[in-house]
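These notes concern the structure reproduced below.
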Amino acid sequence: DGGHTNMQQYNSFLVLFEHALLPGGIYVLEDIAISRTWIDGDGEHVTIEWIKDWIEMLVMGDLSGTGPSAPKPGYEFKPKFPFPRNIKSIECSSGACVFTKCYLHDDRGGCRNRYVNESLQFYSALGT
């Protein structure tokens, strides 16, 4: 995953998951337990916090609308970290999480309508 500080883990994930990992691949982020022991970067990108945001977005979907599925007052979710494109699943255990990337034409799990034309063009340019 590229490093042990919060900013190294965050930046490595964003770049490697989007641009180096092939569709359907997995990305293992380990040593998450030390994320509260490092003081680095802006103090905002604590590894476990962005993972918790992404898990909630993945599980709950878009609850920003109105109607019966809208969150009750006081229970609104206001994520700090935008959800990266193409995350199909996140599985965590002691000190590590595994992120699975969507397949090219996957419409299940966290992949519904997340694989946009730019990603297809990017992989086409690479010849994959």
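Quick caveat: nothing in here was measured; it's all calculated off a predicted structure.
Between C92 and I55, the closest side-chain pair of non-hydrogen atoms falls below 4.5 Å. For the pair Y27/V98, no side-chain contact is recorded, criterion being any heavy-atom separation below 4.5 Å from C-beta on. At least one side-chain heavy atom of L14 sits less than 4.5 Å from a side-chain heavy atom of Y10.
With Q9 contributing its side chain and E30 its backbone, the two residues share a donor-acceptor pair below 3.5 Å. Looking at D53, its side chain never comes within 3.5 Å of a backbone N or O of P79 through a donor-acceptor pair. Judged purely by atom type and a 3.5 angstrom limit, D31 has no side-chain atom pairing as donor or acceptor with the backbone of H4.
Between F17 and F13, the angle of the ring planes stays under 30°, which puts this pair in the parallel group of the 30/60° scheme.
A donor-acceptor contact closer than 3.5 angstrom links the side chains of S89 and E91. In the model, T5 has a side-chain atom that pairs as donor or acceptor with a side-chain atom of Q8 under 3.5 Å.
Residue L21 comes nearest to I26 through the heavy atom pair CD1-O, 3.5 Å, listed as atom of the first residue, atom of the second, then distance. Residues S35 and V46 share a closest heavy-atom pair of O-CG1, 3.8 Å.
Distance check: N86 CG to T100 OG1 gives 12.5 Å after rounding to the nearest 0.5 Å. Atom CE of M7 and atom OG of S12 lie 10.0 Å apart (nearest 0.5 Å). Between atom CD1 of residue I48 and atom CD1 of residue I34 there is a gap of 12.0 Å, rounded to the nearest 0.5 Å. To the nearest 0.5 Å, atom NZ of residue K101 and atom CZ of residue R85 are 8.5 Å apart. Expressed to the nearest 0.5 Å, how far SG of C97 lies from CD1 of I51 amounts to 4.0 Å. Put simply, CZ on F99 and CD1 on I87 are 6.0 Å apart, with the number rounded to the nearest 0.5 Å.
Aromatic pair F81/W54: ring centres not closer than 6.0 Å.
With respect to K80 and E49, no salt bridge is recorded, no charged nitrogen being found less than 4.0 Å from a carboxylate O.
Under the 4.5 Å side-chain contact rule for hydrophobic residues, L22 and V15 do not share a cluster.
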